Each structure stands twice: as C-alpha cells, then as structure tokens.
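What follows is a single structure, written as structure tokens, with notes after it.
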Amino acid sequence: DGGITQSPKYLFRKEGQNVTLSCEQNLNHDAMYWYRQDPGQGLRLIYYSQIVNDFQKGDIAEGYSVSREKKESFPLTVTSAQKNPTAFYLCASSTGSGNTIYFGEGSWLTVV
Amino acid sequence: KQEVTQIPAALSVPEGENLVLNCSFTDSAIYNLQWFRQDPGKGLTSLLLIQSSQREQTSGRLNASLDKSSGRSTLYIAASQPGDSATYLCAVDSGGSNYKLTFGKGTLLTVNP
C-alpha cells in the first residue's frame, strides 16, 4: 500500500547521544517534512525538503539535522545539542504545491 | 505572524448529535485550510482541504466551511458516532506551499455511546 513509514515507533535516548528517525514514502511526492508535537500543542515544523538534495530549516531546526539523498527518504537526526528532545515526531509528504499533506504514524522519542 | 486558534479545546457529546468545531486565524491572506483527524498516539489523517476560493467542502458526514474575510472555518459533523472520537486539528497554508502550514492545537472530541 502507498504511504509513509516511520521507524522506530518508540525510541529511548541517553543524554549526549544522537539518534536518527527514519521516514520513507512511496507516494512519489517531491516534498517531505518533519514536525514535532508536544502534548496539548500544535505541530511545529523542524525541517522541510522540496526536492532531492535540498532542504530548508523550519521554525525549530536548532539541534536537528536532515538529509535528502533519495526522493523517498528523509531521515531526521536528533543531536545532543537539542535540549529538550522528548516529543512525538511526525514525518509528512506532499506534492509540494499546496495540496493535501500526508502524515506517517509518528515516532515517540524519550530521553532517559 | 499567522496564529490559529481552535475552540473549544475539548467537547463531549452523546452519540447521534450534530456538532460544530471552530477554527479561527488572524491573517486572512491564506492559500488553503485543511482539517485533520488525529487518534491517540497516531499520525494525522487529512479530512478536508478548502482552497481560498471555495466556501465549503463535503465528505460523507463532514462539511467544512471557510470564511476568509472573518478568519473563520468550521467543521460540521453530522450524526456523530463513537468512532468519531479523536482530536481534530485545522491548519492554515499562508504561502501556497505546505511548509507554510500553521496548525491549531486541536479540539479533543469524545462521542459517548
């Protein structure tokens, strides 16, 4: 089935470690996005990519990094510089022209 | 800066009721508005997208309206069912590309059997 796959669903990180969240889509979408959701809050944009080999910072990019080497893949690395990384992370994709945006099932990251 | 507000934050209704969820935005220069559903611990599912030139969109028991001039959108759910229980979020696209989406905090809907 077509869709967006995020992995892992749950991830625990020790202080000072970097972790990478995977996002793969088979919708042939050009644009991909990473959002962060905190309890009772709206979604906030971390990074977005409109095309392969290009990406831009969103509203809260500090402490995060991404790559877009393939159209279908947009991994997010949460670095040790991110001071409060415990959150629900959502990957999304779209045709990039203001049309419907599709989301993955999300990944829970907890710092222990 | 675009701000999106959803009222109420939570709503509980008995099964079978018709209900309205509200979304307001501060800058009327929008490209489109989208309504999403989110089940606990899950991703978002797109319900309806209304372009700025449209007044409303319908899908099954759902009807979304848009009034740009007043900065408001409503999501009407007819004959509510327990399976409709979820958080409903609206998002405003201010730039014609999805990286310009601004999300509200959502309305938590509970439909009681």
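Everything numeric here is computed off the predicted structure, so don't read it as measured data. Letters go in sequence order (proteins before strands), and every chain restarts at 1.
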Heavy-atom contact with chain B under 4.5 Å, split by part of Gln6(A):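 For Gln6(A), neither part sits under 4.5 Å from chain B.
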Engaged part of Leu90(A) at the chain B interface, taking heavy atoms whose separation is under 4.5 Å: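 Contact with chain B is through the side chain of Leu90(A) alone.
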Leu89(B), part contacting chain A, at a heavy-atom distance under 4.5 Å: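 Side chain only.
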Engaged part of Gln6(B) at the chain A interface, taking heavy atoms whose separation is under 4.5 Å: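 Contact with chain A: none, neither part.
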Working for side chain to side chain donor-acceptor pair (under 3.5 Å), residues Glu24(A) and Thr5(A): CA-CA 5 Å; Glu24(A) 302 279 331; Thr5(A) 302; over 6 Å; no
Could you tell me if the ring centre of [X] sits under 6.0 Å from that of [Y]?
X: Phe88(A); Y: Trp108(A); answer: yes
X: Phe103(B); Y: Tyr35(A); answer: yes
X: Tyr47(A); Y: Phe74(A); answer: no

Contact winner vs chain B - Gln37(A), Gln56(A), Lys9(A), Arg44(A), heavy-atom pairs under 4.5 Å: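 The candidate making the most pairs under 4.5 Å is Gln37(A).
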Check: Asn99(A)/Thr95(A) side-chain N/O donor and acceptor closer than 3.5 Å: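 Yes, Thr95(A) and Asn99(A) have a side-chain donor paired with an acceptor closer than 3.5 Å.
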Contact winner vs chain A - Gly43(B), Ala91(B), Gly104(B), heavy-atom pairs under 4.5 Å: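 So the answer, after comparing Gly43(B), Ala91(B), Gly104(B), is Gly43(B).
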